[in-house]
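See structure below.
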Amino acid sequence: MRELIVRCPRTGLPVPTGMMSTEKSLRTMKVRGTITDCPGCGRTHEWLSEDAWLIAAPEDDQPDVGPEII
């Protein structure tokens with residue numbers, strides 16, 4: 001699962017939606033009129049699923065190196 005992000009129309013900065021998704025779910029979801037509070041400009045924004053993208057969750061930043069071999 002990865003974090004769902006949209007862009008603030010006022011600042012152009014990425015805004016976390018508080019939602020998690022997979023790539024497959026994002027491609028098939030039809031979100032209409034979802035409201036997100038924006039920490040960048042202090043307003044609320046309505047967004048559609050096609051406005052969103054995914055970023056790696058913090059735990060995804062760690063490489064999977066597998067078992068340690070001695």
Side-chain angles (χ1 to χ4, degrees):
M1 298 290 277
R2 295 166 51 195
E3 188 172 9
L4 198 62
I5 303 294
V6 294
R7 188 167 309 282
C8 171
R10 295 192 79 198
T11 67
L13 297 173
V15 178
T17 63
M19 299 172 66
M20 302 292 280
S21 182
T22 63
E23 193 71 44
K24 182 179 179 181
S25 293
L26 178 61
R27 286 193 307 268
T28 59
M29 74 170 45
K30 295 295 178 200
V31 176
R32 297 276 178 232
T34 301
I35 304 287
T36 299
D37 292 324
C38 180
C41 73
R43 295 185 176 208
T44 55
H45 303 303
E46 187 173 318
W47 58 273
L48 309 173
S49 55
E50 53 266 19
D51 298 329
W53 71 93
L54 299 173
I55 62 167
E59 61 270 11
D60 290 343
D61 292 340
Q62 302 301 318
D64 184 11
V65 295
E68 184 175 337
I69 300 174
I70 299 177

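Separation of atoms CZ (Arg43) and CG (Asp37) is listed at 13.0 Å; rounding is to 0.5 Å. Remark: Thr17 OG1 to Asp51 CG distance equals 11.5 Å, nearest 0.5 Å. Considering CH2 of Trp53 and CD of Glu3, their distance stands at 10.5 Å, rounded to 0.5 Å.
For the pair Leu26 and Ser49, the tightest heavy-atom approach, listed with the atom from each and the gap, is CD1-O, 4.1 Å. Between Pro16 and Thr36, the shortest heavy-atom contact is O-CG2, 3.5 Å.
A search for side chain to side chain donor-acceptor pair (under 3.5 Å) contacts involving Ser25 returns Thr22, not counting sequence neighbours.
Looking at Arg2 and Met20, their side chains never come closer than 4.5 Å, going by heavy atoms from C-beta outward. Proximity of Leu4 to Leu54: side-chain heavy atoms (C-beta onward) are separated by under 4.5 Å at one or more points. Contact of the Arg7 side chain with the Trp47 side chain is not registered, since no non-hydrogen atoms from C-beta on lie closer than 4.5 Å.
Sequence neighbours left out, not one pair with a member in residues 12-21 passes salt bridge (Lys or Arg N to Asp or Glu O under 4.0 Å).
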